[in-house]
Structure formats: structure tokens, C-alpha cells
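Taking it in order: structure first as C-alpha cells, then the write-up.
So you know, we letter chains A, B, ... as the sequences are listed, proteins then strands, and number each from 1. For the numbers below, each heavy atom of this structure counts, side chains included, while hydrogens, waters and symmetry mates do not.
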There are 2 protein chains.
Amino acid sequence: MPRIAPAMKTAITEKPRRRTQEERSEAMRKRLLAATLESLAEDGYAGSTLSSIVRRAGVSRGAQVHHYPSKQALLLDASEDLLKRTYRRLGTLLLSISEEDNRLQALVDACWEQMFATPLYRAYCELVAASQRDEELAQALGAMLRRVMALFEPAANYYFETSGTKLRPADMFLQLSCLLSGLGLQATLLSKPVIRSQLDGWVRQASPILRARKGITSPPPRPAAWDRVLETAG
Amino acid sequence: MPRIAPAMKTAITEKPRRRTQEERSEAMRKRLLAATLESLAEDGYAGSTLSSIVRRAGVSRGAQVHHYPSKQALLLDASEDLLKRTYRRLGTLLLSISEEDNRLQALVDACWEQMFATPLYRAYCELVAASQRDEELAQALGAMLRRVMALFEPAANYYFETSGTKLRPADMFLQLSCLLSGLGLQATLLSKPVIRSQLDGWVRQASPILRARKGITSPPPRPAAWDRVLETAG
DNA sequence: TATGATACAGTCCAGACTGTATGTAAATGA
DNA sequence: TCATTTACATACAGTCTGGACTGTATCATA
């Protein structure tokens with residue numbers, strides 16, 4: 001049916017203010033990605049249907065299909081977004097650590113609280129599980145994992161040093177990340193004290209061989225990859 | 001339409017041998033459960049539809065609905081079955097360890113190979129992820145985890161002793177299990193050398209404080225819960 | 001061996017999901 | 001200001017899922 005009276009929106013919205021196409025696209029994609037990660041965390045991979053995602057984002061089905069031709073495409077981009085968020089979170093975390101007294105304990109606690117006991121990590125678990133049957137997703141997540149590890153490694157070696165072992169700080173923290181992954185996966189099945197004791201246990205066990213370098217109060221040098229991600233993150 | 005010529009099956013099957021009702025039910029349930037766990041590992045939670053499960057089991061839709069009124073019921077029973085399988089696997093594993101020279105390394109390797117780098121663990125991951133949105137499943141898995149831990153704890157304290165730390169062997173092995181969980185979750189995303197180095201790293205790090213008790217060659221005393229499960233396992 | 005209970009098979013249906021096709025509003029640029 | 005492209009909205013088609021339902025074979029028992 002042609003020609004329906006328009007000019008109602010302008011009456012409702014305060015300042016409809018013209019947005020450039022690119023702004024509109026970016027904002028829409030942002031909403032979709034955020035909703036996708038939310039949905040992955042809350043509803044799981046299976047429960048994250050396109051309908052539920054667009055409902056969560058408060059947009060129409062058409063918007064999604066316009067920006068992402070397939071569900072696969074949306075999830076792949078959401079994985080990328082997950083990487084960026086993780087990067088940023090890790091960055092602020094490492095910065096805050098530099099001021100702490102007991103850096104090891106603070107780092108472990110902060111990693112747990114802010115990275116593994118979070119909805120974002122739940123979303124990651126869902127994606128990892130799904131990547132078992134999705135080669136493309138596996139590729140993306142694998143690359144993501146390597147990049148985060150590559151970011152974390154110099155920071156670990158910058159803040160800490162090992163003694164009496166062949167392992168470098170980065171190796172120790174890789175172990176820590178595996179431990180936290182396992183804890184995070186089963187966090188809802190384990191009691192709080194068990195988790196607490198595991199975190200403390202690791203710190204107690206690692207502290208004799210893992211010392212914070214003295215006189216290091218400034219943040220570690222950011223690798224180039226970091227800034228590249230941060231700037232494209234919007 | 002009534003009365004179709006029967007007596008064809010007897011011609012085909014060698015010995016149709018009367019099976020008791022209970023035998024039939026048990027056999028059918030066994031097939032369904034095995035197919036469910038297989039499907040969880042291979043197709044994931046979302047991909048494990050009833051149709052795919054019964055196809056995998058080679059039975060009809062009706063058989064499934066007869067034994068399990070809902071999909072939920074089937075999955076809950078499959079979780080139970082997963083527990084029993086894990087129990088048994090852990091049992092044989094612990095037995096085999098008793099003969100090894102370097103028990104710690106052997107135990108870690110065996111746990112990894114036979115418990116975490118397996119389809120059964122993949123199925124577990126799928127169930128854990130799903131349990132995030134299924135209170136009943138979470139209950140079942142939580143109970144299962146506690147029972148396995150309760151089984152493992154005395155065995156760990158029986159084979160090993162700690163020195164120079166407040167942690168008991170069981171605490172160390174709980175840490176190990178979390179580590180292996182994390183590794184197992186991301187096994188397909190990590191390279192073999194990384195996994196290998198993590199396993200070896202843990203052993204190297206734990207061996208100074210975790211010693212195998214001398215003169216222990218017999219298997220640990222089985223807790224009552226163990227036999228209870230083993231006998232009902234069929 | 002007759003009768004009721006149990007085990008299993010096959011089909012149907014309402015709902016949900018993804019992808020597509022088509023229509024409308026907003027921005028761009030000449 | 002108008003044509004064109006881009007952004008978004010809605011309706012629909014085809015497929016699949018889980019549960020309900022009906023029918024048949026097998027077993028237990030009196």
C-alpha cells in the first residue's frame with residue numbers, strides 16, 4: 001500500500017538528528033554483537049536463536065540479516081568481538097595490578113573475578129563447545145587464544161620472574177589460565193570454598209618460585225597488536 | 001489392517017531365544033544411553049536431537065519414548081550413566097597406576113589420555129554447559145562431581161603423601177583435575193606441544209612436594225559407594 | 001492358552017528456526 | 001531536489017524438533 005502519513009517519528013523523538021550511514025551501521029552491529037554475547041552467556045549456544053538475539057537487541061529481524069547474511073557470520077563476528085573485549089579487560093586488569101602490594105594474589109583474584117567468573121567467559125565456553133563441530137569457528141577461536149596468550153606472555157615476564165625452576169613466568173601463568181578455565185567451566189557445580197581454596201592454593205604453591213620483579217610500577221609495554229585492537233574496538 | 005503373516009523373524013534370526021522383559025528393557029536402555037553419550041560428544045548438546053539419537057542407537061522413536069517420557073529424562077539418565085562410566089574408568093586407571101615406577105607422571109598421563117582427552121569428557125562438557133540453564137541437570141552433575149571427588153580423595157591420599165606444604169594430596173589432585181578440565185575444554189584449540197608441556201610442567205612442579213608412598217603396591221581400599229555403583233552398572 | 005501388561009514401531013502435528021523475498025524509510029550525491 | 005544506494009522492517013517458505021497418538025509384537029501369569 002502506497003503513501004502512509006509519515007512525520008510521526010519526528011514528533012516523538014526529541015532530536016532525530018541525522019546520523020551518517022556508517023554511524024547507523026556501526027551502532028546496529030554493536031547492539032547485535034552485544035546481544036549475541038549476552039545471549040550466548042545466558043541462553044547458551046543452542047538457545048541463541050536469531051529471533052532471540054534480535055529481540056534482545058531490540059531490533060528487527062531484517063536489520064540482522066542486512067548486516068549478517070547468515071547466523072554463522074554473526075557468530076564469527078561475535079567471536080571477534082569477544083576477543084576485543086577480552087583484550088581490553090586484560091589490559092585494564094594488568095594496569096590495576098601494577099599498584100598492588102601482593103601482586104600475585106591480586107592478579108589471580110582479578111583474573112578470576114574479572115575474566116573467568118563472568119558472563120563473557122560463559123559465552124566463550126559455549127563457543128568453544130560449538131567449535132567442536134564448526135571448523136571455521138575453531139579457527140577463529142584458536143587464533144584468538146593465541147593472540148591473547150601472545151599478549152599475556154610479555155606482560156607476565158615483565159611483572160614477574162621465576163627462581164629455582166626452568167619454567168618462565170609465562171608458562172606458570174598459562175598453567176594458571178588452564179586452571180581458571182577448568183574452574184570457570186564448572187564454577188556453578190563447585191562450592192565457593194572449593195574455588196577459593198583452589199585459587200589460594202595455586203598462589204601459595206607458586207609464590208616461592210614466582211616473584212614480582214622489584215621496582216616495576218609502570219605498566220608493561222603494550223605490544224603493537226594491542227593498540228591495533230583497541231583502536232578498532234570503537 | 002488385521003492379521004499379517006508373522007513367523008518371518010524366527011526364520012531370519014538364528015536363535016530368537018526368549019528374553020525376559022527386564023533383559024529387553026535393560027538392553028534397550030543401554031543402547032539408548034550409549035547413543036546419547038556418543039551423540040553428545042560428536043553432535044553436541046544442540047545437535048543431540050531425539051531423532052539423531054534413536055537413529056544412532058538403531059531403534060525406533062517409540063522405543064525411546066517408552067523408556068524415557070521426555071528428552072530431559074533421557075539426558076538425566078545419560079548423566080547418571082556418564083558418572084558410572086567415569087567411576088569405572090577411574091577405578092581401572094587407579095589399579096594400573098599401582099604398578100608404575102614413576103607414579104605421578106603415569107597418573108597424570110593416564111588421567112589425561114583416558115579421562116579428559118576422550119569423547120566422554122566432551123559429552124561432559126556439553127552437559128555442564130547445558131546445566132547452566134537446567135537446574136535439574138545442574139543438581140545431577142553437581143552430585144556426580146562430588147561423588148567422583150569423594151572417590152578420588154582417599155585414593156590420592158592412599159598412594160601419595162605431601163611434604164613441605166599444608167596441602168594434602170587430594171588438594172593437589174583437585175588442582176590437577178581443574179587443570180585437566182581446562183586443557184580438555186580447549187584441547188582442540190591448543191597445540192599438542194603446549195598440552196604436553198603443561199602436563200609435564202605440572203608434574204615437575206608437583207613432584208618435589210608430592211611423593212608416592214613407599215611400599216604401596218596394592219590398590220586403595222574401595223569406598224562403599226564405588227562397589228554400589230559398579231554392581232548396578234551391569 | 002487366554003488375557004492383560006509391557007515393549008516397541010511408525011505417523012502426525014503444532015511450534016520454532018533459518019534463510020529469502022519484498023516493501024519502506026533514511027542517507028548520499030549530483 | 002531528485003535519483004540512487006543503503007539501512008531497516010515484515011511476511012513467507014521450507015525444514016526440523018519434540019511430544020502425542022495409534023497400532024503391533026512380545027512377555028507374564030493365571
Side-chain angles (χ1 to χ4, degrees), chain A residues 1-13 15-32 35-36 39 43-76 130 134, chain B residues 1-13 15-32 35-36 39 43-76 130 134:
Chain A
M1 295 301 118
R3 309 298 133 72
I4 306 175
M8 217 163 110
K9 262 204 166 156
T10 39
I12 299 171
T13 59
K15 272 190 175 179
R17 206 215 124 216
R18 313 275 277 194
R19 287 184 305 167
T20 173
Q21 297 275 53
E22 205 167 343
E23 283 174 333
R24 291 175 63 180
S25 288
E26 182 131 352
M28 177 59 78
R29 262 191 274 260
K30 215 168 192 170
R31 295 178 70 176
L32 281 170
T36 303
S39 179
D43 307 330
Y45 187 86
S48 292
T49 70
L50 289 175
S51 320
S52 85
I53 291 173
V54 298
R55 195 182 322 125
R56 198 181 279 270
V59 304
S60 80
R61 193 69 209 310
Q64 167 264 308
V65 77
H66 177 69
H67 292 283
Y68 299 101
S70 70
K71 188 180 181 180
Q72 168 86 337
L74 174 58
L75 286 172
L76 276 177
D134 185 331
Chain B
M1 295 302 118
R3 309 296 131 75
I4 306 175
M8 216 163 114
K9 261 202 167 159
T10 40
I12 299 172
T13 58
K15 272 191 176 180
R17 206 215 126 213
R18 313 273 278 195
R19 287 185 306 168
T20 173
Q21 296 276 53
E22 206 169 342
E23 283 175 333
R24 292 175 61 179
S25 287
E26 182 132 351
M28 175 59 79
R29 261 192 274 261
K30 215 169 192 171
R31 295 178 71 177
L32 282 170
T36 303
S39 179
D43 308 330
Y45 188 85
S48 292
T49 68
L50 289 177
S51 321
S52 86
I53 290 174
V54 298
R55 196 183 322 123
R56 197 181 279 271
V59 303
S60 79
R61 196 71 177 47
Q64 167 265 308
V65 78
H66 176 67
H67 291 283
Y68 298 101
S70 71
K71 188 180 181 180
Q72 166 85 335
L74 174 58
L75 286 171
L76 276 178
D134 185 331

Side chain to side chain contact (heavy atoms under 4.5 Å, CB included) for Leu75(A) and Tyr45(A)? Distances and angles first, verdict last. CA-CA 10 Å; Leu75(A) 286 172; Tyr45(A) 187 86; 3.6 Å; yes
What's the verdict on side chain to side chain contact (heavy atoms under 4.5 Å, CB included) for Lys71(A) and Ile53(A), showing C-alpha distance, side-chain angles and the deciding distance? CA-CA 10 Å; Lys71(A) 188 180 181 180; Ile53(A) 291 173; 5.6 Å; no
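Remark: C1' of dC8(D) and CG of Leu32(A) are 11 Å apart, rounded to the nearest angstrom. Computed from coordinates, the Arg61(A) CZ to dA11(D) P distance equals 14 Å when rounded to whole Å. Note: CG (Asp43(A)) to C1' (dA16(C)) measures 15 Å, nearest angstrom. One atom, CD1 of Ile53(A), and another, C1' of dT18(C), lie 12 Å apart when rounded to the nearest Å. Distance CD (Gln72(A)) to C1' (dG19(C)): 14 Å, rounded to an integer number of Å. Computed from coordinates, the Leu50(B) CG to dA9(C) P distance equals 15 Å when rounded to whole Å. Rounded to an integer number of Å, the gap from Lys71(A) NZ to dG19(C) P is 8 Å. When the C1' atom of dT6(C) is taken as reference, atom NE2 of His67(B) falls 9 Å away, rounded to whole Å.
Taking side-chain N and O atoms only, Ser60(A) has no distance below 4.0 Å to OP1 or OP2 of dT10(D). One finds no side-chain N or O of His66(A) lying less than 4.0 angstrom from the OP1 or OP2 phosphate oxygen of dA9(D).
At distances below 3.5 Å, not a single donor-acceptor pair connects side-chain atoms of Ser52(B) with backbone N or O atoms of Ser48(B).
Closest to the side chain of Ala63(A), out of dT17(D), dG19(C), dC8(D), is dC8(D). Counting only heavy atoms from C-beta on, Met28(A) has its side chain closest to dC8(D) among dT18(C), dC8(D), dA9(C).
Here the OG1 atom belonging to Thr36(A) is positioned 8.5 Å from the CD atom belonging to Gln64(A), to the nearest 0.5 angstrom.
When each of Gly62(A) and Ser48(A) is assigned the nucleotide of DNA chain C with its nearest heavy atom, Ser48(A) is the one assigned upstream, toward the 5' end. Projected onto DNA chain C by closest heavy-atom contact, Val65(B) and Gln64(A) fall at different nucleotides, the more 5' of which corresponds to Val65(B).
Between Ala63(B) and Met28(B), the shortest heavy-atom contact is CB-CE, 3.6 Å.
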